[in-house]
Every structure is written in C-alpha cells, then in structure tokens.
Amino acid sequence: MRLRCAVLDDFQNVAATMADWAPVQDRVEVVSFTEHFPTEDQLADALADFDLVVTLRERVPFPASLLDRLPRLRLLVASGMRNSVIDFAAAERNGVTVCGTRSSSTPPVELTWALLLGLARGLVAENNNLRGGGPWQSTVGTDLHGRRLGLLGLGKIGARVARIGLAFGMEVTAWSQNLTRDRADEVGVQLAASKEDLLRESDFVSLHLVLGERTRGIVGARELALLKPTAYLVNTSRSALVDQDALLTALHEGHLAGAGVDVFDTEPLPADHPVRSAPRLLATPHLGYVSQDNYRTYYGQAVENITAYLAGDPVRVLP
C-alpha cells in the first residue's frame, strides 16, 4: 500500500513542479493543499489519513495537542533547519521523525530592500496613480545616499542588508544585545551605543533578530515613539519582534513616515484585519522566503528526506 504525503500551504500550487518526485512516486501518493487550515481541528481532520507531511517554514504549528491526534504520522518535513512551532518532544513521543532542509538567506535580504525602496520612493502610490489616471507625480522620494540605516540584528541576513546599504552610500549602524564591536567592524558598520540611540538617529530601521524571550516585543510603543516622524520601519523577520497594535497606532497617528512589513501575528491575514487598511503601510504576504531557488531547495530536499526515510537512511533531523 502506498504511503500518503500531505504538502501544506502550497498556495501557488507549485510543489509538484519545483522538484522531481519520481524517486518516491511508486511508494508515496503526494497531495498538495493550496488553502490554509485555520484551526487545529480542521488540520487534524485533513491530516488524519497521512503518513508524511511537508510543511513550509513556521507557518503551521505542530503542538503536542495536534501530534497526539495524528497516530498515522511518521515523518514531518519542515523547510529550513530551525522551527519554533513544532513540539519536538511530542513528536518523539509519538514516533514522528522531524527533519528539515537548507534555506537561503538571499530572498529575505532582497525582499527587505524591495520594501525599503518601495517605501522610500512611494512606488505603490505612484504606480496606482499612473495606472488609474491619477495625478502625474504625487510624492517626493526619500534619498538613501547619506541617510542612516539602523539594523536591529547583524547576523547572516542583517550583515547582507548592511552591505547593500553601504553600497547605496548610507551610514549604517547596528545594535543587538550580544553585538560586539569586532563584529560591527567586520561588517563595516558602526556599533550603536544603545537600541534607543539607534532608533532616535536612524532614517530607516530594519529588524533582523531571532525571536526569543529577550527579543519578543523589542520594538513597542516606547521604541516607536523614539523614531523620527520621517523615519521608516521594515520588518521581514518575525512579527512578534514588533508590537503590532503599537505599530498600527503609530501609522494611523502619523508618528512615522511608513512601515514595510512581511510578517504578521496571524497568517494568512483575515479579510477584515486592520493591517489591510492601515495608512503608510507597504505590506506583503510573508514572501521573504518565497523564491524559485528557495522552493526548489525546499521541495527537492523534502523528496531527498522522504527517500532516505523510506530507505532507512539518515535524514536532516531537527532540531
């Protein structure tokens, strides 16, 4: 009897074409779900008859309460090698092997700059006006050259964002709780004396931190109030780094020039979510990791993991 494999949140319906599934097609029936399951009950019902599951990034939580309801599940493949929404102890208790894939930092770096540039030059408003017969030139763009880019986090992604900022001729500063001067010097940026100084002095602020207890809500109402009214905030990292209600208030009250956001507390966003109507907001539906090369890696290595698992060979085990 063939095993059944569920591919979750295949929104673009491309999982079948982004990898060669031939190595497992004789032993595995692959079923893609192009719609998100918003509740645990719906997800548990949908996955009840599946032995294998492929899930994208941290979009779908797998807590103990769900894993306990999936007695048939034996292999869970998550894209990326870090996942905070899978209960690994519960997976082990239920006999579920959890594995991951490589993930490139290039797509989120590029999207960060797409959002930042889109904000700086008013691209959405100008495009809408041009296509809709509106006024010819309605905004005055913000220059990047000579402006200050402040980075909260200078890891692999933050460092690449920094180097692009330097190429634009920006002054780049960085801060995080563990950032050292040696690391800042290595990347070629200034080390901010404090988070508060970085926020006060930056024209653009971009977040590139790992979400944890120390970083959750690291930008709240107090921090947003430190930003210049002409400043822009970009978050392509994790939504919980920024107090979402405080950000919406700041946008509505005009306390900052704009924000570019790719991550949200609830995904996909409900149709009536206030983010959808917030002013001065350039938002994308969590596209940071969504690129052709990344998808080929995710699904290609998912097939490799499934093939190895079926053969009894080692897989890329998480965590």
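Neither side chain, H286 nor T284, offers a donor N or O lying under 3.5 Å from an acceptor on the other.
In summary, R2 and E29 do not engage in a salt bridge, as defined by a charged side-chain N under 4.0 Å from a carboxylate O. Remark: D9 does not engage R57 in a salt bridge, criterion side-chain N to carboxylate O under 4.0 Å.
Hydrophobic cluster membership of L318, counting Ile, Leu, Val, Met, Phe, Trp and Tyr whose side-chain heavy atoms lie under 4.5 Å apart directly or via other members: L8, V31, F33, F37, L43, L47, F50, V53, V60, F62, L66, L67, L70, L73, L76, M81, I86, F88, V96, V98.
The salt bridge (charged side-chain N to carboxylate O under 4.0 Å, His left out) contacts involving residues 10-26 comprise nothing, where partners must be two or more places apart or lie in separate chains. The salt bridge (charged side-chain N to carboxylate O under 4.0 Å, His left out) contacts involving residues 97-108 comprise nothing, where partners must be two or more places apart or lie in separate chains. Screening residues 72-88 for side-chain hydrogen bond (donor to acceptor under 3.5 Å, both in side chains) gives D51-R72, E58-S84 as the qualifying pairs, with residues at least two apart or on separate chains. Contacts classified as side-chain hydrogen bond (donor to acceptor under 3.5 Å, both in side chains) and involving residues 152-173 (residues at least two apart or in different chains) are given here: S105-R160, T106-R160, R148-E171.
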Sequence neighbours left out, cut at 3.5 Å: what donor-acceptor pairs do the side chains of residues 211-221 make with other protein atoms?
from : atom 1 : to   : atom 2 : distance (Å)
T215 : OG1    : V210 : O      : 2.8
T215 : OG1    : G212 : N      : 2.8
T215 : OG1    : G212 : O      : 3.3

Report all side-chain donor-acceptor pairs from residues 249-258 shorter than 3.5 Å, counting only partners two or more places apart or in another chain.
from : atom 1 : to   : atom 2 : distance (Å)
T249 : OG1    : D245 : O      : 3.0
E253 : OE1    : H255 : NE2    : 2.8

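Qualifying side chain to side chain contact (heavy atoms under 4.5 Å, CB included) partners for P268, counting only residues two or more places apart in sequence or in other chains: F11, H36. For E267, the salt bridge (Lys or Arg N to Asp or Glu O under 4.0 Å) partners two or more places apart in sequence, or in a different chain, are R59. A search for salt bridge (Lys or Arg N to Asp or Glu O under 4.0 Å) contacts involving R276 returns nothing, not counting sequence neighbours. The salt bridge (Lys or Arg N to Asp or Glu O under 4.0 Å) check on D197 picks up R200, with sequence neighbours excluded. Partners of D185 by salt bridge (Lys or Arg N to Asp or Glu O under 4.0 Å), not counting sequence neighbours: none found.
A side chain to side chain contact (heavy atoms under 4.5 Å, CB included) with F204 is found for one member of V172, L119, L116, V234 and no other, namely L116.
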Are L56 and Y289 close enough, and set up right, to give a side-chain contact (heavy atoms from CB on, under 4.5 Å), and what steps lead you there? CA-CA 10 Å; L56 274 177; Y289 62 90; 4.3 Å; yes
